[in-house]
Q: 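Here you go, one structure.
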Amino acid sequence: MGYVGLTSAACLAHLGHRVTGVDIDADKVALLSRGKVPIAEPDLDELVTERLADGCLAFTTDLSELASAELVLLCVPTPVAFDGTADLRAFDAAVETLSDVLRHDCVVVIKSTVPVGTTERTAHTLGRAAVSNPEFLREGHAAYDFLHPDRIVIGATEDEAADRVAALYDEISAPVLRTDPASSELGKYASNAFLALKVSYVNVLAELCERLGADIVDVAESMRLDPRIGSAFLSPGPGWGGSCLPKDTRALLRTAGQAGVDFAVLAGAMAANRRQHERVVEKVREAVTGSPNGSLHGLRLGLLGLAFKAGTDDVRESPALAVATLLAEAGAVLTGYDPGVNRTTDMRPVHVVDDPTLVAKDAAGLVLLTEWPEFRTLDWAQLAELTEHPTIVDTRNLLDTETVTRAGFAYHRLGR
Ligand code: UGA
């Protein structure tokens, strides 16, 4: 019952199925059974409360409940080490617990992002049909994306099992793509890695724009108008992060290497992402000290935004934290504010506060790292007064230039 499992459970119940959400975490199950949703996802509270009330949804730690299931969706986490190796311990443990419980015609559906070959291996272990059916949910839009998907991908070797998975989504209007399990598994990695590649591409272009006196907004717009390129994922930032893109790119690069395929273009996108964190630090150094070699030692810097993107409280592999770590290594003292992140969260080296004015107070400069829309309408004049040297590096090109400069800030952006 993590992001994927809980969203799938609530949305499938919403579509008219009877769903039991199973988790080994008794506290979480108790919370969910009272209608309390432990993650910040729009509409999820409402869906859970409504479906609990009409009996279509229930939560339990009792695995024997699975005995009556027609389908079981595996949504356990599959973390990936720095070298790209997937840690399948939780996944394998879940598979093992299923082996004695399931009824003979139950289809096992794999929603977790798993290395290519895992679906077939699972079918073999359990001696029954297993189907790959990856999720493509964006954090912060998970329930919406589940109910309005771009595509539903079903990777199966048996038509009957694939039909039963497809029937789960009968009420949803979206293209259904049927594939073999390996293509379905690989398609998930390929999609996330391609998104990462796009963002790295635009981040490097932003640096080039600065050197050549071009504007990344116009360059990206010129690209966007070509439908073959597409309009999304062309905004520069402090690097891509989150719980999916970094881990899926690492895993795909390793998979390619193991298969003897040189995926240099992906390795390049990953290197560009690490370089992007350093580039932000270089920009901050120059903006705050006035010199590319200036020392940040002992300087107080205020960070606006800690989450890996706006609309979520998630700080896993957040570029904001990668940048903060480098700034701290350079000796800066960091205070951070994020509308989604509680000040009790341990985010060392950042001291988290619950008010943007506390971030600005006596700071040598500000760094905006997450594109929360509410940052646009902060009281910039007040923040300028509080800041020791009103300088801001806006890594998301979010703010209105006139508002910030009129308030007295020296305003630095990416690629403009
Ligand atoms: C991503 C994919 O977008 C989903 O399709 C996928 O289902 C999900 O991973 C997953 O595998 O479960 P998510 O992790 O929520 O979703 O994050 P994204 O919205 O993709 O953003 C990833 C990172 O790229 C963020 O740090 C974001 O700020 C950055 N980004 C995105 C940019 O810097 N510029 C852009 O133009 C777009």
Side-chain angles (χ1 to χ4, degrees), residues 2-8 39-42 75-80 86 110-114 133-146 148-153 174 184-206 216-217 219-221 223-224 229-252 269-270 272-273 276-277 279-280 305-323 338 340 368-373 394-398 414-415:
Y3 272 96
V4 174
L6 180 56
T7 304
S8 304
I39 53 171
E41 274 298 333
C75 309
V76 293
T78 49
V80 171
I110 300 179
K111 278 234 164 275
S112 303
T113 302
V114 288
N133 174 218
E135 54 80 20
F136 298 98
L137 312 173
R138 292 166 301 166
E139 279 188 31
H141 304 266
Y144 179 88
D145 286 353
F146 192 98
H148 307 88
D150 306 315
R151 74 291 212 191
I152 293 164
V153 182
S184 169
E185 290 164 335
L186 186 56
K188 164 70 190 201
Y189 287 109
S191 298
N192 273 358
F194 192 75
L195 293 174
L197 212 122
K198 260 186 120 175
V199 178
S200 273
Y201 187 84
V202 85
N203 280 339
V204 178
L205 268 182
I216 190 62
V217 172
V219 174
E221 193 54 23
M223 294 165 66
R224 269 191 187 106
I229 295 175
S231 63
F233 274 69
L234 291 174
S235 302
W240 38 267
S243 66
C244 303
L245 265 50
K247 100 176 162 62
D248 291 352
T249 45
R250 288 200 294 270
L252 182 57
M270 293 161 74
N273 203 45
Q276 191 64 6
H277 305 147
R279 209 171 86 73
V280 170
L306 299 167
F308 81 97
K309 65 175 185 179
T312 176
D313 57 354
D314 198 341
V315 294
R316 285 177 289 176
E317 300 212 34
S318 173
L321 282 188
V323 168
D338 187 294
L368 189 152
L369 291 159
T370 313
E371 74 283 21
W372 288 100
D394 175 0
T395 69
R396 300 279 188 170
N397 293 343
L398 176 83
L414 292 191

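Each ligand, and each atom within it, is numbered from 1 in the order the structure gives. In what follows, every heavy atom counts, from backbone to side chain, and hydrogens, waters and symmetry copies are set aside. Because the structure is predicted, anything quoted here is derived from the model rather than measured.
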Q: If you count the atoms of ligand 1 from 1 in the order shown, which ones are under 4.0 Å from a heavy atom of Glu139?
A: 15 (O)
Q: Should one rank Pro319, Ser235, Ala220, Pro149 by closest heavy-atom distance to atom 36 (O) of ligand 1, which comes out on top?
A: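 Among Pro319, Ser235, Ala220, Pro149, the closest heavy atom to atom 36 (O) of ligand 1 comes from Ser235.
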Q: Using a strict cut-off of 4.0 Å, indicate which atoms of ligand 1 neighbour a heavy atom of Leu137.
A: 4 (C), 6 (C), 7 (O), 8 (C), 10 (C), 12 (O)
Q: Measure from the side-chain N and O atoms of Lys309 to the backbone N and O of Glu371, and report whether any donor-acceptor pair falls under 3.5 Å.
A: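 Checked: no pair found.
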Q: Can you check whether Ala142's main-chain N or O pairs, donor with acceptor, with Glu41's side chain at less than 3.5 Å?
A: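 Judged by distance alone, yes, a pair lies under 3.5 Å.
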Q: Please round to the nearest 0.5 Å and tell me the distance separating atom OG of Ser235 and atom CZ of Arg224.
A: 5.0 Å
Q: Among all protein non-hydrogen atoms, which one is nearest to atom 10 (C) of ligand 1, and what is the separation to 0.1 Å?
A: Cys244 SG, 3.0 Å
Q: What atoms of ligand 1 come closer than 4.0 angstrom to any heavy atom of Lys188?
A: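 Result: 6 (C), 7 (O), 10 (C), 11 (O), 12 (O).
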Q: Could you pull out, from Glu135, Glu371, Arg396, Lys111, the option with a heavy atom nearest to atom 28 (O) of ligand 1?
A: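 Looking at heavy atoms only, the winner is Arg396.
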Q: Is the backbone of Gly237 close enough, under 3.5 Å, to the side chain of Asn203 for a donor and an acceptor to pair up by distance?
A: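 Checking the backbone N and O of Gly237 against the side chain of Asn203, a donor-acceptor pair under 3.5 Å is found.
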Q: Counting only N and O atoms by type, is there a donor-acceptor contact under 3.5 Å from the side chain of Thr78 to the main-chain atoms of Val114?
A: no
Q: So, taking the atom named CD1 in Ile110 and the one named NZ in Lys188, what distance separates them when rounded to the nearest 0.5 Å?
A: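 Rounded to the nearest 0.5 Å, the CD1-NZ separation comes out at 14.0 Å.
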Q: Would you mind running through ligand 1 and noting each atom that sits below 4.0 Å from a heavy atom of Arg138?
A: 3 (O), 15 (O), 16 (O)
